[in-house]
Amino acid sequence: MSQNVSPVVKPTGEEAERQAKREAAQQHEQQETRPTGPLHTDHGKTTIEDRVVQKIASIAAREVPGVYAMGNAARRTFNSIAERIPGASANTAGGVNVEKGEQQAAIDVTIVVEYGFSIVEVSQDIRANIISAVERATGLEVIEVNVDVSDVHLPEDDDDTSSDSGRDELK
């Protein structure tokens, strides 16, 4: 008794190429429809603007003891002028730059450290606080936090300002 078995003929040439392209396209389509992280689900996609990440990172950096101010001297001067104009608001994310993709973010922070604090410890605390806050709030993976210390605030800096204004009043 012989069974009727039809041999399987493997595609060759152009047929094989077309089949390989179809399989690659199907695999690519399946990858695109799969959720790619907490911001991309089967039920929709969430996008987060760069300025949202900037504000979260700025607040997290300001919470660290030893951070006197954010940004370089020009940014701080601009913010102090903006605070005096009625209806204007200072940039709360000043001193923070963000490069953000769909799943990851890299953050640069410029700060002024209070004299007496360890720059190394303040920088480490800033990194830890920013990574924790941004990842918790946004679901983005923070791949790096670069800290640029632009100045050290000395206690006598405050004394000079108050004593100068006191002299002006006495004249």
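A quick note: this is a predicted structure, and the numbers were derived from the prediction, not measured.
- Rounded to the nearest 0.5 Å, atoms CG (Leu140) and CD (Glu135) are 8.5 Å apart.
- Residues Asn97 and Ile107 fail the side-chain proximity criterion, which asks for heavy atoms closer than 4.5 Å.
- If you run side-chain contact (heavy atoms from CB on, under 4.5 Å) between Ile111 and each of Val64, Ile126, Ile119, only Ile126 comes through.
- Considering CG of Asp125 and CD of Glu63, their distance stands at 11.5 Å, rounded to 0.5 Å.
- Evaluation of the ring pair (Phe, Tyr, Trp, His ring centres under 6.0 Å) test over residues 137-157, restricted to residues two or more places apart or in two chains, returns Tyr68-His153.
- Atom CD of Glu144 has more than 12 neighbouring heavy atoms from other residues, nucleotides or ligands inside a 6.0 Å radius.
- The line from CD of Glu23 to CZ of Arg18 is 13.5 Å long, rounded to the nearest 0.5 Å.
- Side-chain contact between Met70 and Val96 is present, with at least one heavy-atom pair separated by less than 4.5 Å.
- Rounded to the nearest 0.5 Å, atoms OG1 (Thr138) and CD (Gln103) are 11.5 Å apart.
- Note: Gln104 CD to Ile143 CD1 = 4.5 Å, rounded to the nearest 0.5 Å.
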Problem - Stepwise side-chain hydrogen bond (donor to acceptor under 3.5 Å, both in side chains) check, Arg127 with Ser123 - result: CA-CA 6 Å; Arg127 278 188 193 91; Ser123 297; 4.8 Å; no
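- The line from CZ of Arg136 to CD1 of Ile56 is 9.0 Å long, rounded to the nearest 0.5 Å.
- Hydrophobic cluster membership of Tyr115, counting Ile, Leu, Val, Met, Phe, Trp and Tyr whose side-chain heavy atoms lie under 4.5 Å apart directly or via other members: Val152, Leu154.
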Handout entry: Stepwise side-chain contact (heavy atoms from CB on, under 4.5 Å) test for Glu49 and Gln54
Key = CA-CA 9 Å; Glu49 294 291 325; Gln54 283 179 312; over 6 Å; no
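- Smallest separation of non-hydrogen atoms from Arg62 and Gly94: NH2-O, 4.1 Å.
- A donor-acceptor pair under 3.5 Å is formed between the side chain of Lys100 and the backbone N or O of Ile48.
- Side-chain atoms of Val109 and Val145, non-hydrogen and from C-beta on, do get closer than 4.5 Å to each other.
- For Gly71 against Val112, the heavy-atom pair with the smallest separation is O-CG2, 4.0 Å.
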